Amino acid sequence: MSPYDPHAAQDRWLPVWESLDLYRAGRPGDGRPKRYILDMFPYPSGDLHMGHAEAFSVGDVVARYWMQHGYDVLHPIGWDSFGLPAENAAIQRGTAPADWTYTNIATQAESFRRFGISFDWSRRFNTSDPEYYRWTQWLFLRFYQRGLAYRKASPVNWCPNDQTVLANEQVIGGRCERCDALVTKKNLTQWYFRITDYADRLLADMAQLEGSWPDRVLLMQRNWIGRSTGAEVAFAIEGRDEPVTVFTTRPDTLFGATFFVVAADSALATELAAGDGHEEEFAAYLEQVKRTSDIERMASDRPKTGVFLGRYAVNPVNGELLPVYAADYVLADYGTGAIMAVPAHDQRDLDFARAFDLPVRVVVDTGEPDPAVTGVATVGDGVLVNSGEYDGLVKAAAIERITADLTARGGGQAAVNYRLRDWLLSRQRYWGCPIPIVHCPTCGEVPVPDDELPVRLPETGVDLTPRGVAPLETARDWVQTSCPGCGGDARRDADTMDTFVDSSWYYLRYCSPDYTDGPFDPAAVAEWMPVAQYTGGVEHAILHLLYSRFFTKVLYDMGLVGVVEPFAALLNQGFVIMNGSKMSKSKGNRVDLQAELARYGVDAIRITMLFAGPPEDDIDWADVSPAGSAKWLARVVRLTGDVGAGGGPAGAGSSGAQAGDPAVRQTTHRTIAAVTTQVEALRFNVAVARLMELTSALRRAIDASRAADASRAADPAVREGAEVLARLLSVLAPYTAEEAWARLGHDPAAGDSVHRAGWPVADPALVAVETVTCVVQVAGKVRDRLEVPVDVSADDLRVRALASAAVQRNLAGRDVRTVVVREPRLVNVVPA
RNA sequence: GCGAGAGUGGCGGAAUGGUAGACGCGUCGGACUUAGGAUCCGGUGCCUGCGGGCGUAGGGGUUCGAGUCCCCUCUCUCGCACCA
């Protein structure tokens, strides 16, 4: 038999699989149970890289596993193909963004094809296809009609490098998520999705995901939404008609308020500073605040700054006059942009009070030293003091009582606040989904009628150079339009949508990619959703996953989908790194996927990634051995070649007595059981280890039988083991498994592919063991080992253990206090 | 600063509270070879007087028994970063 050439196997089997059309999902009348396995679709940045290979290998194992189990598996692929890199490449090279994008898609698609992923290619689409973004626009308009899409003027995150605004979720540590440039603020009118309306549901429905999503992702989302409960309290301002409401989580500390702060960059601050002789000082301060970068502002140990506005607020509980300051440690866009300051019990307020020499009054006695002296605010529980009728209450009771009393008097009420902000979705770039709104001087914002969708991107006449205004503004013929309402001259909205809008519903489109009566066929969505297993990088822990959850809930409310959570289970695979750090051009530590594939073959690379460790851990390519993986795969093929085509199929799990070495059969069936468990637990590294053990066991069996009788045909148990090995391997290393299958006498080209062979079933009788090694301890230390029947009695085991020479030697004449017996595996003799 | 998670051989990593180190890499020895960076077989946590002793970041605790559970300390990683 020829040695194993993985590249020849790839060339041999890929066309066979394609002609068998193995991975098509949802054929009419297919009654098998359905299962949706999804990988986060790629952005077409160039060719596939090591990270893609890992992520998609993991997803492919899961998809193939359920296919072998007899499920009708939907495992689709497409491209998240709108986005900035296409535009930047276009500006640099003078090619159209579409050309760059679709060329890269073709490259990646071909790489995926050769990588042998079990995709249903018939469902492929790209978010930049007009047939797709037509429905993105349609969904935007449904959101708009429901009041969930709106425009407002507000200070927004601005990336000076990409020349566009960014959503809060796209600012990481004060920098642009995409290009790492420092983000600044700008006052602009932009489109938003009202995701804050769904904050509570996004929080509550996480209960459904508990246990099947990584804990840390749920925690990150919880923190991002940042729900906090407390009260809104109205403070009258001297000389102002309307009171100013503040939000506080500590209404119990109301008597400890000694000053009042409004966000310097809020309209309220400007208003309160007017007149009164404090105007100039405030204006100077505001200038200074505006010049402070977000990065500087974020340093929480920065000294507190602010200016007195010459005004006073009235504490509603005791009528005290509180001086009003403008400061930048209060944020304009959280709560009401104004706070009551309680320096004794809030560190930030205390820092400010010490800087401005304001009084500090303890109202909750926590037993800790005076904050005015120590400079450390006390935030724990305690008994109320200096709080009038509330003195003596503990924190929780005081919060309840004071909130109730405020509510009764009309001066406040219980309230909830969120850290989450509405999703800023408009972008001042070209290569994205146009916003289907027309601005009419007479009618205002007018939705483009459904039957005029899609609003297509103009292919010519656009100046792509980023200048801070939407490039589409330069497409004059495109922008000029007539109002769908009154027919008069009007202008198209020239912003495009955040690409995260495109990816917030693509998993629904896969269910019916060619549907023309809506974004998706509700019947198809009902069949497939939710996604049973979603795989992708943890970088989307908040962004894509939060947005998709939001979209699903809105669509649920519209009656279009029947689930409120799109992804039942989530796996965040780790990154592939090199020599301890992320691969990058500048570090010169990039590993080229195509070069690795050319050297070791597809399956060796897949096995290397799967065997390196649990899928959520990073893989340091310097620590792993593709050569070792290739060696094992070659051993598997050699083994099946040695077993050969003779003897006819001996399918595991089929009825009837099986001949052959019982020890080999036990190993085979225990491997089936172990690999099944490990694959379902996504412990592919352990599954591979078990298959390596089976390989070695079968090898030993073959060599032993040859030594005994050179002419003897392969033991049927060895044949059974080899077939099982190929079938189990089919989900991990599809080419090698097919090659092994063929060498065992099957003819994939005639339809007898290992990928149709099904998952073997372990025979419980063979998985069960009849004898086990019992560990005998003296004082908790292992002193002897006994081979005992699995059903040995406790009494019998105790007698045997005590009779052990090693036990007696270690007892050294001491009396036995107790004997702990955990039959059949352990006895612990405890000396007095 | 706050929150979360993790520390196991030379390395990647296995271990329902019950044999620590499965499997692999590396390494050492052997076989086969003109040769081998191919292939195959075997050893490989550390120490040892060969009885055994010590070992899962460090220290304490619970338990007959702890890598696993609890407390403290150290280190690393990730998330948030003035959110009232």
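These figures come from a predicted structure and were not determined experimentally. Numbers restart at 1 for each chain; the letters A, B, ... are given by sequence-line order, proteins then strands.
The glycosidic torsion of B/G51 lies within 90° of 0, placing the base in the syn range. By the rule that a glycosidic angle within 90° of 0 means syn, B/G43 does not qualify and counts as anti.
A donor and an acceptor atom, one from each side chain of A/W213 and A/Q221, are nowhere located under 3.5 Å apart. In this model, no donor atom of one side chain and acceptor atom of the other lie less than 3.5 Å apart for A/T245 and A/T336.
Here A/E693 pairs with A/R690 in a salt bridge; the nearest charged N to carboxylate O distance falls below 4.0 Å. Using a 4.0 Å cut-off between a side-chain N of Lys or Arg and a carboxylate O of Asp or Glu, A/R222 and A/E210 qualify as a salt bridge. Salt-bridge check for A/R825 with A/E787: failed, with every basic side-chain N at 4.0 Å or more from each acidic carboxylate O. Salt-bridge check for A/D795 with A/R798: passed, with a basic side-chain N closer than 4.0 Å to an acidic carboxylate O. Taking the charged nitrogens against the carboxylate oxygens, A/K290 and A/D265 have no contact shorter than 4.0 Å, which rules out a salt bridge. Taking the charged nitrogens against the carboxylate oxygens, A/D642 and A/R638 have no contact shorter than 4.0 Å, which rules out a salt bridge.
Atom-to-atom, CZ of A/R700 to C1' of B/C41 comes out at 11 Å; the value is rounded to the nearest Å. Rounded to whole angstrom, the span from the CD1 atom of A/I542 across to the C1' atom of B/A81 amounts to 13 Å. In this structure, CG of A/L254 is placed 17 Å from P of B/A84, rounded to the nearest angstrom. Separating the CZ atom of A/R227 from the P atom of B/C80 is a distance of 22 Å, rounded to the nearest angstrom. Atom OH of A/Y329 is separated from atom C1' of B/A81 by 17 Å (rounded to the nearest Å). Put simply, CG on A/L546 is 13 Å from P on B/C80, counting in whole angstrom units. Residue A/H540 contributes atom NE2, which lies 14 Å from atom P of B/G79 at whole-angstrom precision. Summarising the geometry, the separation between CH2 on A/W632 and P on B/A38 is reported as 20 Å, rounded to the nearest angstrom.
Listed nucleotides B/A81, B/C64, B/A84 differ in distance to A/R817; the shortest reach to its side chain belongs to B/C64. For A/N828, counting side-chain heavy atoms from C-beta on, the closest listed nucleotide (B/A4, B/C64, B/A81) is B/C64. Of the candidates B/G18, B/A81, B/A84, B/G18 carries the atom nearest the A/V820 side chain, counting heavy atoms from C-beta on. For A/R419, taking side-chain heavy atoms from C-beta onward, the closest of the listed nucleotides B/C80, B/G13, B/G12 is B/C80. Nearest to the side chain of A/R638, among B/A84, B/C82, B/C40, sits B/C40. Of the candidate nucleotides B/U19, B/C82, B/C41, B/U19 has the atom lying nearest to any side-chain atom of A/T773.
Look at B/G37: it lacks any Watson-Crick or wobble partner with both distances under 3.5 angstrom. Pairing of B/G79, defined by two Watson-Crick or G-U wobble distances under 3.5 Å, is identified with B/C2. With a cut-off of 3.5 Å on both Watson-Crick or G-U wobble distances, the partner of B/G7 is given as B/C74. For B/G17, there is no paired nucleotide, since no Watson-Crick or G-U wobble pair has both relevant distances below 3.5 Å. Nucleotide B/C69 forms a Watson-Crick or G-U wobble pair with B/G61, both donor-acceptor distances falling under 3.5 Å. Taking a pair to require two hydrogen-bonding distances under 3.5 Å in either a Watson-Crick or a G-U wobble arrangement, B/C32 remains unpaired. Judged by Watson-Crick or G-U wobble contacts below 3.5 Å, the nucleotide B/U44 has B/G26 as its partner.
Here A/R222 does not reach the OP1 or OP2 of B/A4: none of its side-chain N or O atoms lies under 4.0 Å away. Between B/U77 and A/R216, no contact under 4.0 Å exists linking OP1 or OP2 to a side-chain N or O.
Residue contacts for A/R421: at a heavy-atom cut-off of 4.0 Å it reaches a base atom on one of the strands shown. Across all strands shown, A/I339 has heavy atoms under 4.0 Å from base atoms, whether or not it also approaches the sugar-phosphate.
B/G24 and B/G79 are spaced 33 Å apart, taking the C1' atom of each and rounding to whole Å. A distance of about 10 Å separates the C1' atoms of B/U8 and B/A57, rounded to the whole Å. Rounded to a whole angstrom, the distance from the P atom of B/A15 to that of B/A6 is 15 Å. Atom name C1', nucleotides B/A38 and B/C74: the rounded distance is 48 Å, in whole Å.
When all heavy atoms of A/P615 and A/L682 are compared, the closest pair comes out as CD-O, 3.2 Å.
Contacts between residues 786-795 of chain A and RNA chain B, defined by a heavy-atom separation below 4.0 Å, involve no residue at all.
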Practice problem: Heavy atoms under 4.0 Å is the rule here; annotate nucleotides 20-29 of chain B 5' to 3' with B where the base is hit, S where only the sugar-phosphate is, and - elsewhere. | Solution: S-BBSS----
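Here A/Y325 and A/F260 keep their ring centres 6.0 angstrom or further from each other. A centroid separation of less than 6.0 Å is found between the aromatic rings of A/Y547 and A/W423.
By the 30° and 60° cut-offs, the orientation of the rings of A/F352 relative to A/F356 is parallel.
By the side-chain contact (heavy atoms from CB on, under 4.5 Å) test, A/R361 pairs with A/T258, A/N318, A/E320, A/V363, A/N386, sequence neighbours left out. Under the rule for a salt bridge (Lys or Arg N to Asp or Glu O under 4.0 Å), the partners of A/R800 that lie at least two apart in sequence or sit in another chain are A/D796.
For A/D422 (side chain) and A/T196 (main-chain N/O), a donor-acceptor pair under 3.5 Å exists by modelled atom type.
A donor-acceptor contact under 3.5 angstrom links the side-chain atoms of A/R822 to the base of B/G18.
Paired with A/Y329 under the rule side chain to side chain donor-acceptor pair (under 3.5 Å), one option of A/D349, A/D351, A/T305 passes, and it is A/D349. Among the candidates A/I225, A/V217, A/L219, the single residue satisfying the side-chain contact (heavy atoms from CB on, under 4.5 Å) test with A/M206 is A/I225.
When each of A/L420 and A/L219 is assigned the nucleotide of RNA chain B bearing its nearest heavy atom, the one mapping closer to the 5' terminus is A/L219. Where A/D617 and A/G226 meet RNA chain B, the nucleotide closest to each residue was compared, and A/D617 sits on the side nearer the 5' end.
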Set out, line by line, the N/O atom pairs under 3.5 Å between protein and nucleotides 43-50 of chain B.
none

Can you name the atoms? Protein N/O to nucleotides 52-56 of chain B N/O, anything below 3.5 Å, with the distance.
unit_1: B/G52; atom_1: OP1; unit_2: A/R809; atom_2: NH2; d: 3.0
unit_1: B/G53; atom_1: OP1; unit_2: A/R783; atom_2: NH1; d: 3.4
unit_1: B/G53; atom_1: OP1; unit_2: A/R783; atom_2: NH2; d: 3.0
unit_1: B/G53; atom_1: OP2; unit_2: A/R783; atom_2: NH1; d: 3.0

